Amino acid sequence: MLLNYFKIALRNLQKNKLFSVINISSMAISLASSFLITLFVWDELKFDRHHPDGDRTFRVYNIRQNDDGIVSYLPIVPYPFAAYMQKDFPEIESAVRIMDTYGELLFDINGKKILQANGIFAEPGVFDMLTLDVTSGAGRTALEKSNSVALSQSVAKKVFGEVDPLGKTIMINERDYLVTALYADPPEHFHLKAEYILSMSTLPFLRDREENWQWQQIFTYLKLKPGTDPNVLESKFPAFVEKYAYPKIKSVGFTYLPRLQNIKDIHLQSSHFEWEIAQRGNAQTVYILSLTAIALLVIACLNFINLSTARGIKRMKEVGVRKVIGAARNQLVLQFISESIVITVVGLVFAIVLAQLALPYLNILAEKELFLPFTWEIVMTVFLFSVLLGTIAGSYPAFYLSRFKPAAVLYNKQTRTGGTALFRQGLVVLQFVFSSCLIIGSMVVFSQHDMLLNKNMGFNKEQLVMIPLRDAQLQNYETTKREFANHPGVVKTTVGFGVPGDFIAGDEIIDPEKNKKVPVDLFCIDHDYIQTMGMTIIAGREFSREVPTDTSEAFIINETAVGVLGYNSPEDAIGKPLHWNAWGRNSLKRGQV
């Protein structure tokens, strides 16, 4: 019986080619788009699900507010947070501090030099806190001593080949490190790309930061004791910073409030953070894409329903004849649903082909390595889903067509549809609403993407290449610049500590007229920076070699700083005094804008 239904369904599809092409194409495109969206969403949701103690592992972040009202979300906190939190809060089982290496480091082993990114400084407990599997060496003590390094297996193989690196010495950024541990490559869906880990005790300047509640460069992770309510612990943080931090930072011009972020939420809930080193996704994007996939399937079903019911008049006599010769209504319902299932399954086959063809482009766009999982379980699940989708899409047309009465149909008396026509019109309106929402949403996304590509950023980013310099190259950077300038493809060269849009050092400047300290993002540049970057001076002038005092006395500020410092206009800021305690080294630079 069922085989007969499917044979009839195939004949009807062949007979009504235009109807079949429209419905199959609609199903194929909707299913293919939904498959790709599902792959992306599922991949995003897999991040940091491998931690056995993930439910009680958290990262501390700060909500910082300046006196001017600017609010920033920072995943970095002051160095003393970890020690003082462990002392004050017995709910904390352990704490680990991490610091980024900020760029690639130069590995040198027996003259073989490799630039290696994705490194971090960390305390010894990092392997347990972040579920890193130590395969060789003593994980608990591997990073206790200064100048110790733990390598992932892939980095160890890249640097040492097949030689066991444990106990060997490697030069990293012109400093010798002892390899004390090897660990398995972190999982793909881990928020940190920690390919090698340097001992935190290697950084001597941290000893001076143990009571510094202003300097924020440290990522701090906490593992809470079983049964601890993180919300209750978090409610104690305001009193914590009021006690230790505020007496030292309020006078500087800002305050902050620590919060807890579960390790499983870092990937999707950190898109608004500054100074973030984690692999970031976006929860809002996941939600929107999920709704889009559902909307596409709904549109495909509505399209099928509308087309099927519109063809109902042409099939009235077929229904009447079948009923006259003894067909029951439930048999007709099964027949029409079978046709819907056939359309959906055929659309599924084309959808898989379309998804496979489009997948490489999605991987390029999303910077992922997604693939269609052709396992038996997945294939059966997708097939059953398509059958269910076909049943849902075909149910209303099936019941609508099967209700015609033989006598009325055969004698052309089935002319009024009553509420059914109104319902069909409602479905058409609903289909247009969903389609319009998708079109408008697509236009918004494209316009946002176009803005990101073409918005004036205040500098010329085209044909601009940034090369990190090593200590030897920085000792005489003018010579380094001349060497690069000798290349025929280089038009201009400059050296600067920081570029727009990248990590920029935070510090404070002093307005001596108002006796006010102002936190700012600050970077040092040479005389050629403004021209090379294509920036525009709107008041005053750029640094000049003809004015020797520029090196020790001149400041250049941007339009935002004009407002923050309280000047009426860019022209009003020219000549105003500014002081800067250069990186907190008691070397006060006294100058003017």
Side-chain angles (χ1 to χ4, degrees), residues 37-65 70-78 81-82 85 91-92 94-100 118 120 122 126 129-132 186-194 216-224 228-238 240-241 255-294 365-368 370 441 445 448 452 501 503:
I37 291 173
T38 301
L39 283 176
F40 179 86
V41 169
W42 181 247
D43 187 81
E44 290 289 283
L45 294 175
K46 287 162 65 175
F47 271 82
D48 290 298
R49 304 296 163 178
H50 61 283
H51 302 287
D53 297 325
D55 290 339
R56 56 190 184 97
T57 303
F58 294 82
R59 185 177 70 171
V60 184
Y61 71 92
N62 269 342
I63 303 176
R64 168 175 163 157
Q65 182 164 352
I70 297 177
V71 177
S72 305
Y73 290 80
L74 304 174
I76 45 178
V77 299
F81 261 40
M85 283 184 168
E91 301 97 322
I92 298 175
S94 59
V96 166
R97 289 175 282 206
I98 290 172
M99 184 173 173
D100 189 27
N118 303 324
I120 58 173
V126 65
M129 181 71 71
L130 300 182
T131 321
L132 296 172
E188 179 184 354
H189 296 95
F190 179 41
H191 70 276
L192 285 180
K193 291 185 177 181
Q216 300 180 72
Q217 292 281 328
I218 302 298
F219 297 86
T220 298
Y221 291 78
L222 306 176
K223 183 178 287 187
L224 309 185
T228 299
D229 187 342
N231 295 321
V232 173
L233 175 61
E234 194 176 66
S235 67
K236 301 178 182 179
F237 287 170
F240 173 80
V241 290
T255 58
Y256 49 66
L257 178 64
R259 302 291 295 271
L260 291 176
Q261 182 182 40
N262 188 265
I263 194 170
K264 297 179 181 179
D265 297 331
I266 291 176
H267 176 67
L268 289 178
Q269 303 290 342
S270 301
S271 60
H272 57 301
F273 285 166
E274 302 175 20
W275 291 81
E276 181 62 89
I277 63 172
Q279 298 187 69
R280 284 192 281 189
N282 191 312
Q284 185 179 23
T285 299
V286 169
Y287 300 146
I288 292 174
L289 287 176
S290 300
L291 291 174
T292 300
I294 295 172
L365 180 65
E367 298 181 351
K368 292 180 177 290
L370 305 174
V445 170
Q448 291 290 319
L452 289 174
F503 289 136

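Here the structure is a predicted model, which is why all the values come from computation and not from measurement.
Taking both residues in full, the closest heavy atoms of F58 and L224 are given as CE1-CD1, 3.7 Å, listed atom of the first, atom of the second, then distance. Residues I266 and A278 come closest through the heavy atom pair CG2-CB, 3.8 Å. Across every non-hydrogen atom of N262 and G54, the tightest pair is ND2-O, 2.9 Å. A pairwise comparison of heavy atoms in Q279 and E188 identifies NE2-O, 3.8 Å as the closest pair. The two residues L192 and Y221 make their nearest non-hydrogen contact at CD1-OH, 3.7 Å. Taking both residues in full, the closest heavy atoms of P75 and W275 are given as CG-O, 3.7 Å, listed atom of the first, atom of the second, then distance.
With sequence neighbours excluded, the residues satisfying side-chain hydrogen bond (donor to acceptor under 3.5 Å, both in side chains) with E44 are H267, K368. In this structure, the salt bridge (Lys or Arg N to Asp or Glu O under 4.0 Å) partners of R56, at least two apart in sequence or on a different chain, are D53, E93.
How far CG of L257 is from CD of E234: 7.5 Å, rounded to the nearest 0.5 Å. Here the straight-line distance linking atom CZ of R59 with atom NE2 of H191 works out to 6.0 Å at 0.5 Å rounding. In this structure, F240 CZ and M85 CE are separated by 4.5 Å, a value rounded to the nearest 0.5 Å. For the atom pair CD1 of I120 and CG of D100, the computed distance is 8.5 Å after rounding to the nearest 0.5 Å. Here I263 contributes atom CD1 and T131 contributes atom OG1; the two are 6.5 Å apart, rounded to the nearest 0.5 Å. We find the CD-OG1 distance between Q261 and T57 to be 12.5 Å, quoted to the nearest 0.5 Å.
No donor-acceptor distance shorter than 3.5 angstrom exists from the side chain of Q217 to the backbone of I76, with no hydrogens or angles considered. Although no hydrogens or angles enter the test, the distance criterion places no donor-acceptor pair under 3.5 Å between the side chain of Q216 and the main chain of N62.
Here the options are L45, L39, D43, T38, the test is side chain to side chain contact (heavy atoms under 4.5 Å, CB included), and the partner is V41; only L45 passes.
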Throw together a table of side-chain donor-acceptor distances under 3.5 angstrom for residues 280-287, partners on residues two or more places apart or in other chains.
residue : atom : partner : partner atom : Å
R280    : NH1  : S270    : O            : 3.2
R280    : NH1  : F273    : O            : 2.6
N282    : OD1  : Q284    : N            : 2.8
N282    : OD1  : T285    : N            : 3.3

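Between F81 and I218 there is no side-chain heavy-atom pair separated by less than 4.5 Å. The side-chain heavy atoms of V96 and T220, taken from C-beta on, include no pair separated by under 4.5 Å.
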_Verdict with supporting geometry, Y256 and I63, side chain to side chain contact (heavy atoms under 4.5 Å, CB included)_ = CA-CA 5 Å; Y256 49 66; I63 303 176; over 6 Å; no
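Counting non-hydrogen atoms of other residues, nucleotides and ligands closer than 6.0 Å to OH of Y73 gives a total of 12 or fewer.
A salt bridge is defined here as a Lys NZ or Arg NE, NH1 or NH2 lying under 4.0 Å from an Asp or Glu carboxylate O, and K264 with D55 meets this definition.
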